[in-house]
2 protein chains.
Amino acid sequence: MTSIGVGARSTKQREALVHVLDEVDGFRSAQQLHALLGERGAKVGIATVYRSLQLLADAALVDVIHSEEGEASYRRCSTRHHHHLVCRVCGRAVEAQAPAVETWVAAIAAEHGFSDVSHDLEIFGTCADCLP
Amino acid sequence: MTSIGVGARSTKQREALVHVLDEVDGFRSAQQLHALLGERGAKVGIATVYRSLQLLADAALVDVIHSEEGEASYRRCSTRHHHHLVCRVCGRAVEAQAPAVETWVAAIAAEHGFSDVSHDLEIFGTCADCLP
DNA sequence: CGTATAGTGATACCCGTTATCATTTACGTC
DNA sequence: GACGTAAATGATAACGGGTATCACTATACG
């Protein structure tokens, strides 16, 4: 499946981007994805990469995380809500679900009268393959 | 207590910054803090604000969070490990601890062979005072 | 096929943050 | 208190990720 969403046209650039995202199993920044596209001969402008990633993110077809330095990274993901265990060296990611976390978040928010609540939980570490 | 750390000199600028941080009960960005300093007559350069905040953060005297847009915000905090429930309108924050989250994080990391693990959990919402 | 319209890309721009470097300040020592 | 030195400051340039602009191109659909 390489379509992006209803109302979005299918272009070579977007298909190339989705293709790259499918081949990679970890989080990659927009710039990395742009470079990867260039390497395989797909000349896609950086602006288009950002636009398409945003489309994909809005359609929940990719997950976005923000690294410890604030840079955004993207990855093809399942659609259920989940968190990530991300290798900060290679970007490889493991999806993890934790119902306990969700319920705790909801409880603590309710307890303090907060509404319209969202949360962000990312776990960063070094995976076994990337140990020094 | 307004000292910053061993090996750091005490300057008017840093004391003013710490003072402002003590008066405020929510997260504030570097630029907001810089503006607050200006309002109360303390002329502190923006570069110094960033440098001092980094010092304070390194000394674990302030907590840093990154908003959903990637901007860093700072707040005087207790030194124990904890998470935050942050109002995305006024910046007011509630500290929260969740041992269950810590143990879950450690377990999932160990299970997948990740080492040198850190995690980030921030909860954003709208507090009761800021409801429309 | 032809047209309306979404998409593209080069580039300028924005904004938060960091680096540079000359000047100033804090602080231990005499 | 005066000195000397290393740290700190601040104005500003530079940097980097991300977005806006706008003329041009390509897609979808009748």
Side-chain angles (χ1 to χ4, degrees), chain A residues 2-21 27-59 61-75 88 91 122, chain B residues 2-20 27-59 61-75 88 91:
Chain A
T2 54
S3 78
I4 296 222
V6 289
R9 291 181 181 173
S10 156
T11 67
K12 294 186 202 306
Q13 291 90 339
R14 284 185 189 163
E15 282 169 17
L17 175 61
V18 172
H19 192 238
V20 168
L21 280 167
F27 281 89
R28 294 290 182 277
S29 69
Q31 321 253 356
Q32 288 176 318
L33 292 166
H34 179 238
L36 284 171
L37 285 166
E39 281 174 19
R40 44 198 83 182
K43 291 168 206 121
V44 181
I46 187 70
T48 298
V49 173
Y50 277 110
R51 269 184 301 236
S52 302
L53 286 172
Q54 206 150 335
L55 273 182
L56 289 164
D58 289 348
L61 294 175
V62 299
D63 272 5
V64 189
I65 61 172
H66 291 87
S67 74
E68 290 158 324
E69 294 84 40
E71 189 181 18
S73 290
Y74 304 83
R75 182 195 189 222
R88 58 167 80 84
E122 309 296 347
Chain B
T2 51
S3 79
I4 296 222
V6 290
R9 293 183 179 170
S10 158
T11 66
K12 295 187 203 305
Q13 291 89 341
R14 284 186 190 161
E15 282 170 17
L17 175 62
V18 172
H19 192 238
V20 168
F27 280 90
R28 295 290 183 275
S29 69
Q31 321 253 357
Q32 288 176 316
L33 292 167
H34 179 237
L36 284 172
L37 284 167
E39 283 174 17
R40 43 198 84 183
K43 291 168 206 122
V44 180
I46 186 71
T48 298
V49 173
Y50 278 108
R51 269 184 302 235
S52 301
L53 286 171
Q54 206 150 340
L55 273 182
L56 289 164
D58 289 348
L61 293 176
V62 300
D63 274 4
V64 188
I65 61 172
H66 290 88
S67 73
E68 288 157 326
E69 294 84 39
E71 189 182 18
S73 290
Y74 304 83
R75 182 194 189 226
R88 59 168 79 85

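To find a chain, count down the sequence lines: A is the first, B the second, and so on, and within it residues start at 1.
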Worksheet item: Where is the tightest heavy-atom contact between A/A8 and A/R14, given as atom of each residue plus distance?
Response: CB-NH1, 3.6 Å
Discussion item. Could you go through B/E15 and B/T11, starting from their C-alpha distance and side-chain angles, then the distance that decides it, and tell me whether this counts as side chain to side chain contact (heavy atoms under 4.5 Å, CB included)?
Written reply: CA-CA 6 Å; B/E15 282 170 17; B/T11 66; over 6 Å; no
Worksheet entry | Separation of A/L33 CG from A/R75 CZ (nearest 0.5 Å) | 12.5 Å
Fill in: Atom-pair distance (CZ on B/R28; C1' on C/dG16), nearest Å
18 Å
Practice prompt. May I ask you to verify if any side-chain N or O of B/T48 is less than 4.0 angstrom from the OP1 or OP2 atom of D/dG10?
Written response: yes
Worksheet item: What pair of heavy atoms forms the shortest contact from B/G91 to B/R28, and how long is it?
Response: CA-NH1, 4.2 Å
Practice prompt. Let me know the distance between NZ of A/K43 and P of C/dG9, rounded to the nearest Å.
Written response: 11 Å
Worksheet item: Taking atom CD of A/E122 and atom CG of A/D63, what is their separation to the nearest 0.5 Å?
Response: 8.0 Å
Practice prompt. For A/Q32 and A/Y74, test the side chains for any donor-to-acceptor distance below 3.5 angstrom and give the result as yes or no.
Written response: no
Discussion item. Protein within reach of the bases, or only the backbone? For nucleotides 17-26 of chain D, mark each nucleotide 5' to 3' as B, S or -, using heavy atoms under 4.0 Å.
Written reply: SBBBB----B
Worksheet, complete the sentence: In whole angstroms, the gap separating P of D/dG16 from CD of A/E69 amounts to 14 Å
Item to complete: Measure across B/A30 and B/Y50 and return the closest heavy-atom pair with its distance rounded to 0.1 Å.
Response: CB-CE2, 3.4 Å
Worksheet item: Where is the tightest heavy-atom contact between A/L37 and A/L17, given as atom of each residue plus distance?
Response: CD2-N, 3.9 Å
Practice prompt. Measure the distance from CD on A/Q13 to C1' on D/dT27 and round it to the nearest whole Å.
Written response: 11 Å
Worksheet entry | Integer-rounded Å distance: D/dA8 P and B/L17 CG | 14 Å
Fill in: Intermediate values then yes/no, side-chain hydrogen bond (donor to acceptor under 3.5 Å, both in side chains), B/S52 and B/Q13
CA-CA 9 Å; B/S52 301; B/Q13 291 89 341; over 6 Å; no
Item to complete: Take atom CG of B/L53 and atom P of D/dT9, then tell me their distance rounded to the nearest Å.
Response: 12 Å
Discussion item. Among C/dC27, D/dT27, D/dG10, which nucleotide has an atom closest to any side-chain atom of A/K12?
Written reply: D/dT27
Practice prompt. Provide, to the nearest angstrom, the distance between the CD atom belonging to A/Q32 and the P atom belonging to D/dG16.
Written response: 15 Å
Worksheet item: If you fit an axis to the five pairs at each end of the helix from C/dC1-D/dG30 to C/dC30-D/dG1, how big is the angle between those two axes, to 10 degrees?
Response: 30°
Worksheet entry | Phosphate contact (D/dT9 OP1 or OP2) by B/R14 side-chain N/O below 4.0 Å | yes
